[in-house]
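Sequence lines set the chain letters: A, B, ... in the order given, protein chains first and strands last, and positions in each chain run from 1.
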Amino acid sequence: MRIDNLLQSIASSAFEACFGQALPADQFSVQMTRKEFAGDRTIVCFPLARHSKAAPDATATRLGEAMVNAEGPVEGFNVVKGFLNLEIDKAYWTQWLLTEAAEEGYGTRPVGSAPHVMVEYSSPNTNKPLHLGHLRNNFLGHSVSRILEAAGHKVTKVQIVNDRGIHICKSMVAWRKFGEGETPESSGVKGDKLVGKYYVAFDKAFKAEVADLVEAGTPKEDAEKQAPILLEAQETLRLWEQGDTDTVELWKTMNSWVYAGFDTTYRTMGVEFDQLYFESDTYLIGKERVLEGLERGVFSQSEDGAIWVDLTGDGLDRKLLLRGDGTAVYMTQDIGTALLRFQDYPDLDRQVYTVGNEQEYHFKVLFLVLGKLGFPQAERCHHLSYGMVELPEGKMKSREGTVVDADDLMEEMFGIARDIAREAGKLEGLDEAAQRDVFERVGLSALKYFLLKVDPKKNMMFDPTASIDFYGNTGPFILFNYVRGRSILRKAAQEGIEPSTDIASLEADEMELVSLLHGLPDVISESASTYNPSLLANWCYDVTKAFSSYYQDHSILGADDAANRDLRLVLTERFTRSLRTGMHLLGIALPERM
RNA sequence: GACUAUGUAGCUCAACUGGAUAGAGCACCUCACUACGGAUGAGGAGGUUGAGGGUUCGAAUCCUUCCAUGGUCGCCA
């Protein structure tokens, strides 16, 4: 049993023995004792006073005495006002270090012990490359997937590729007009960047045409609807929907360029998916399902034939699900996608959508609609909503060229990692590929940690100069301490030192590290139930800081006697392994050297 | 305007969900150390937690009224 639960249960029976009143264990709030006070865990006794009919400090004292006398690890106590500070038997912690903390997979639960969850993230448009916003999205979704897995869920990672619509047609038109047959192979340009280039070219040509029309006397609003290149894009969309062979061929070709480009970026990012869904496949399913819903009477139809859902009973509005002309809107295809997924995975307990907070209303509606269609999982579905990534100069705007490209940013981080590593000179003897691997791990750790340490729901500032910092509260700082710890363990192994189970008792300055290590399982389950990796990121930093400080004050291999040395080695081993678990759940891979 | 989130040190972020003197990093100042990996550690300074009112043993956290900022309020996606 975890120490907090154990203490609660001891407190509960001790309280009943003292005051003759039974309180459920969860009424006893156990927290870590602040370091300016003696003790390991604290029970706040103010709320207990009205049940004990005694003053808070008297209640605390009597409860403390009873807990010391009870069977269990409580060895002593002190009372400050109504705070009961408990001292835990050091042997308890020693035993814990040698048993639970030593287990393979400490902190995680076996996959399949909790329900099957689908996590969607990334979900890009196919008309432009991935940028900084996608990085936050991908790192979040990927990390939450791993955290849910560690909490025992079976997890399926998916994305919905927004591969159809006017945006991709614009790139197609521009490519046909200006492309002269250019391909990723012929130009050496990455596929997603190439298609993005034509999307920009379209926009430029469009604006020029509008300007010409305005020059010729057309009002601006009309000009923006009449520009020939826009009409051509709309015609292309019509042809695509009719299945026109040439159009569909070009669409397939250009999308395939984008996918190849995205694949490269995802691989560099270190994220992956179990299955891809494509809007071009799901929007028709959505139409069918909406029509079925109409037949079953959960939706209604207006005179022009449009289909609506009435959510006024849920405090929202009426919402359009299908246009009068039978064409799909965004909601239509999202309904189709959701239902297809439930059909593909009948054991699915819920879906988690990693999508920016500007779509909160959309997902409220979607989940309500799924509920109306009779899916009990709907109420467990979750919109993992996250805030925008802002730059010091404001929002990213493609028109102003302030979009931070994902590939460029990652490459920049790798370069900084390389420069620092060369200066430190710790990678001599590694070949090129192995060194590159280290640079990527270090650089990615900086980016991922920077983006994940902030509460997802908050907007965050991406200050380029601060974000590339490798000192302080950063990913590389955590990696650095992991590498130091591993280096010691390697050295111990080389010297044939195998820590015995006869380890020294813990001193006060070791307790902070031990307490933090002990907290890992709780942090993981808390992160999982709130879909919040930042809790885990902060834990990784806290435990690393504790180790770094401990490392400074104590020579691990140079300890006075074997019992102390073995304790320190055990601590180092538990630290590196727990940290590796935590960082893995953030999607961060750790190097052995750096 | 309505709805919704956010507002904490100069800056970027925490705060175990109502608990003790609100903590880290960066920047600034001081100190330690030829270190099992210095991409280090210790200390100092820096706060009326946007403002006012309320709830109670106790509030950054809950309620309320304002203020500021972002987002949403399409037969766009």
Side-chain angles (χ1 to χ4, degrees), chain A residues 4 29-34 36-37 42 44-47 49-50 55-56 80-83 85 125 162 165-167 279 302 304 306-308 315-317 319-325 327-331 333-334 356-362 364 385 387-388 390 392 395 417 420-421 423-426 442 450 453-455 457-463 465-467 469-474 476-481 483-492 495 519 522-523 526 530 534-535 537-539 541-542 545 548-559 568-569 572 593-594:
Chain A
D4 288 7
S29 101
V30 178
Q31 54 190 264
M32 269 171 77
T33 302
R34 296 180 68 106
E36 56 264 41
F37 300 101
T42 295
V44 183
C45 294
F46 296 98
R50 65 192 183 95
V80 181
K81 292 190 280 181
F83 296 93
N85 300 319
N125 289 344
N162 181 8
I166 191 73
H167 61 268
E279 282 184 3
S302 56
D304 64 351
I307 298 177
W308 299 79
L316 303 179
D317 262 331
K319 187 79 188 169
L320 182 84
L321 301 181
L322 197 61
R323 291 192 188 101
D325 64 2
T327 57
V329 292
Y330 184 43
M331 188 60 72
Q333 61 200 23
D334 262 15
N357 62 10
E358 70 275 11
Q359 297 196 32
E360 271 167 13
Y361 183 75
H362 172 78
K364 260 183 206 154
S385 168
M388 262 191 287
E390 288 166 8
K395 291 185 215 166
I420 296 177
E423 199 172 326
K426 296 286 182 185
V442 173
F450 189 87
K453 74 176 173 181
V454 180
D455 188 338
K457 71 169 178 274
K458 291 188 179 176
N459 286 355
M460 66 175 294
M461 176 64 65
F462 188 85
D463 179 345
T465 53
S467 66
D469 209 337
F470 283 18
Y471 306 89
N473 184 356
T474 65
F477 169 81
I478 296 171
L479 264 53
F480 170 71
N481 280 285
V483 166
R484 289 209 291 200
R486 292 290 298 163
S487 171
I488 292 168
L489 295 173
R490 268 199 309 275
K491 192 167 174 187
E495 294 175 8
D522 301 327
V523 173
E526 182 73 10
T530 57
S534 79
L535 302 175
N538 283 307
W539 178 88
Y541 175 68
D542 289 340
K545 208 166 130 54
S548 184
S549 174
Y550 180 71
Y551 171 97
Q552 189 82 8
D553 294 339
H554 302 276
S555 176
I556 287 156
L557 292 174
R568 293 171 188 182
L569 275 172
T572 304
R593 302 170 63 178
M594 65 187 276

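- Separating the P atom of G7(B) from that of A51(B) is a span of 13 Å, rounded to the nearest Å.
- Base pairing of U64(B): its partner is G52(B), meeting the Watson-Crick or G-U wobble criterion (both donor-acceptor distances under 3.5 Å).
- Looking at heavy-atom distances under 4.0 Å, Val483(A) makes contact with a base.
- Across all strands shown, C31(B) is found opposite G41(B) as a Watson-Crick or G-U wobble partner, with both distances under 3.5 Å.
- The side chain of Met388(A) lies closest to G70(B), out of G70(B), U40(B), A20(B).
- With contacts defined as side-chain heavy-atom distances shorter than 4.5 Å, the pair Asp455(A)/Lys458(A) qualifies.
- Of the C1' atoms belonging to C67(B) and U30(B), the separation is 41 Å, rounded to the nearest Å.
- For A42(B), the OP1/OP2 oxygens have a side-chain nitrogen or oxygen of Ser549(A) closer than 4.0 Å.
- In this structure, Asp317(A) reaches neither bases nor backbone, as no heavy-atom distance under 4.0 Å exists between it and the strands shown.
- Base pairing annotation: U17(B) forms no Watson-Crick or G-U wobble pair, as no partner gives both donor-acceptor distances under 3.5 Å.
- Across G18(B) and C63(B), the matching C1' atoms stand 13 Å from one another, rounded to whole Å.
- In the set A39(B), A20(B), A14(B), the nucleotide with an atom closest to the side chain of Glu36(A) is A20(B).
- Judged by Watson-Crick or G-U wobble contacts below 3.5 Å, the nucleotide G58(B) has no partner.
- Distance Lys545(A) NZ to G25(B) P: 4 Å, rounded to the nearest Å.
- Using a 4.0 Å heavy-atom distance criterion, Ser548(A) is classed as a sugar-phosphate-only contact.
- Atom CZ in Phe480(A) sits roughly 16 Å away from atom P in A35(B) (whole-Å rounding).
- Rounded to an integer number of Å, the gap from CD of Gln31(A) to P of G18(B) is 12 Å.
- Of the P atoms belonging to A20(B) and A39(B), the separation is 37 Å, rounded to the nearest Å.
- Nucleotides A27(B) and U64(B) place their C1' atoms 39 Å apart, quoted to the nearest Å.
- An OP1 or OP2 oxygen of C76(B) is reached within less than 4.0 angstrom by a side-chain nitrogen or oxygen of Arg323(A).
- For G19(B), the base is stacked against the aromatic ring of Phe46(A), per a cut-off of 5.5 Å between centres and 30° between planes.
- Here the side chain of Phe470(A) is nearest to one of A39(B), A20(B), C75(B), namely A39(B).
- Applying the 90° criterion around 0 to the glycosidic angle, U30(B) comes out anti.
- Taking every side-chain heavy atom of Asn125(A) into account, A77(B) is the closest of A77(B), A20(B), C36(B).
- Taking only side-chain atoms of Asp553(A), from C-beta outward, the nucleotide of G37(B), G41(B), C75(B) with the closest atom is G41(B).
- When the P atom is used for both G50(B) and C3(B), the distance is 22 Å, rounded to whole Å.
- With hydrogens and angles ignored, no donor-acceptor pair closer than 3.5 Å exists between the side chain of Ser534(A) and the base of A14(B).
- Residue-nucleotide stacking is present for Tyr551(A) and C36(B), judged by a side-chain ring centre under 5.5 Å from the six-membered base ring centre and planes under 30° apart.
- Out of A39(B), U6(B), A77(B), the shortest distance to the side chain of Ala421(A) is found at A39(B).
- For Leu535(A), counting side-chain heavy atoms from C-beta on, the closest listed nucleotide (A39(B), G37(B), A15(B)) is A15(B).
- Both thresholds, 5.5 Å between centres and 30° between ring planes, are not jointly met by Tyr541(A) relative to the base of A24(B), so the two rings are not stacked.
- Residue-level contact check: Thr327(A) touches neither bases nor backbone, having no heavy atom under 4.0 Å from any strand.
- Atom CZ in Arg34(A) sits roughly 10 Å away from atom P in A24(B) (whole-Å rounding).
- Across the strands present, G47(B) finds no partner; the criterion is a Watson-Crick or G-U wobble pair with both atom distances under 3.5 angstrom.
- Mapping Phe462(A) and Asn459(A) onto RNA chain B by nearest heavy atom places Phe462(A) closer to the 5' end of the strand.
- Backbone-only contact: Gln333(A) has heavy atoms under 4.0 Å from sugar-phosphate atoms and none from a base.
- The shortest distance between side-chain heavy atoms of Lys457(A) and Asn357(A) does not fall below 4.5 Å.
- Side-chain atoms of Thr327(A) do not come within 3.5 Å of backbone N or O of Arg323(A) as any donor-acceptor pair.
- Residue Val523(A) is out of contact with every strand shown, counting any heavy-atom pair closer than 4.0 Å.
- When the nucleotides G41(B), C36(B), A39(B) are ranked by their closest atom to the side chain of Ile556(A), C36(B) comes out on top.
- The partner of A2(B) is U72(B), by the rule that a Watson-Crick or G-U pair needs both atom distances under 3.5 Å.
- At least one donor-acceptor pair closer than 3.5 Å links the side chain of His167(A) to the backbone N or O of Asn162(A).
- Residue contacts for Lys457(A): at a heavy-atom cut-off of 4.0 Å it reaches the sugar-phosphate backbone alone, with no base atom in range.
- With A20(B), A77(B), U40(B) as the choices, the nucleotide that has an atom nearest any side-chain atom of Asn162(A) turns out to be A77(B).
- Between the P atom of G43(B) and the CD atom of Gln552(A) lies a distance of 12 Å, rounded to the nearest Å.
- Under 4.0 angstrom from either OP1 or OP2 of G7(B) there lies at least one side-chain N or O belonging to Lys458(A).
- For Phe46(A) and Phe83(A), the ring centers sit closer than 6.0 Å to each other.
- The two residues Phe462(A) and Pro392(A) come nearest to each other via the heavy atoms O-CD, 3.3 Å.
- Applying the 4.0 Å criterion to OP1 and OP2 of G37(B), one finds that Ser487(A) has a side-chain N or O inside that range.
- Under the 4.5 Å side-chain criterion, counting only non-hydrogen atoms from C-beta, Val329(A) is not in contact with Leu321(A).
- Straight-line distance from the CD atom of Glu358(A) to the P atom of U69(B): 20 Å, rounded to whole Å.
- Checking Asn85(A) against Tyr550(A), the closest nucleotide of RNA chain B that is more toward the 5' end is the one next to Asn85(A).
- Across all strands shown, G10(B) forms a Watson-Crick or G-U wobble pair, both distances under 3.5 Å, with C26(B).
- Heavy atoms from other residues, nucleotides or ligands lying under 6.0 Å from CD of Glu495(A) number more than 12.
- With Thr530(A) contributing its side chain and Glu526(A) its backbone, the two residues share a donor-acceptor pair below 3.5 Å.
- Thr572(A) places a side-chain N or O within 3.5 Å of a backbone atom of Arg568(A) that can act as its donor or acceptor partner.
- One can find a donor-acceptor pair under 3.5 Å joining the base of C75(B) and the side-chain atoms of Asp304(A).
- Residue Val44(A) is classed as a base contact, given a heavy-atom separation below 4.0 Å to a base.
- Atom CE in Met460(A) sits roughly 11 Å away from atom P in U12(B) (whole-Å rounding).
- You'll find that the side chain of Pro47(A) is closest to G19(B), out of C75(B), G19(B), A20(B).
- A14(B) and C66(B) have their P atoms separated by 28 Å, given to the nearest Å.
- For the pair Asp455(A) CG and C16(B) P, the computed distance is 12 Å after rounding to whole Å.
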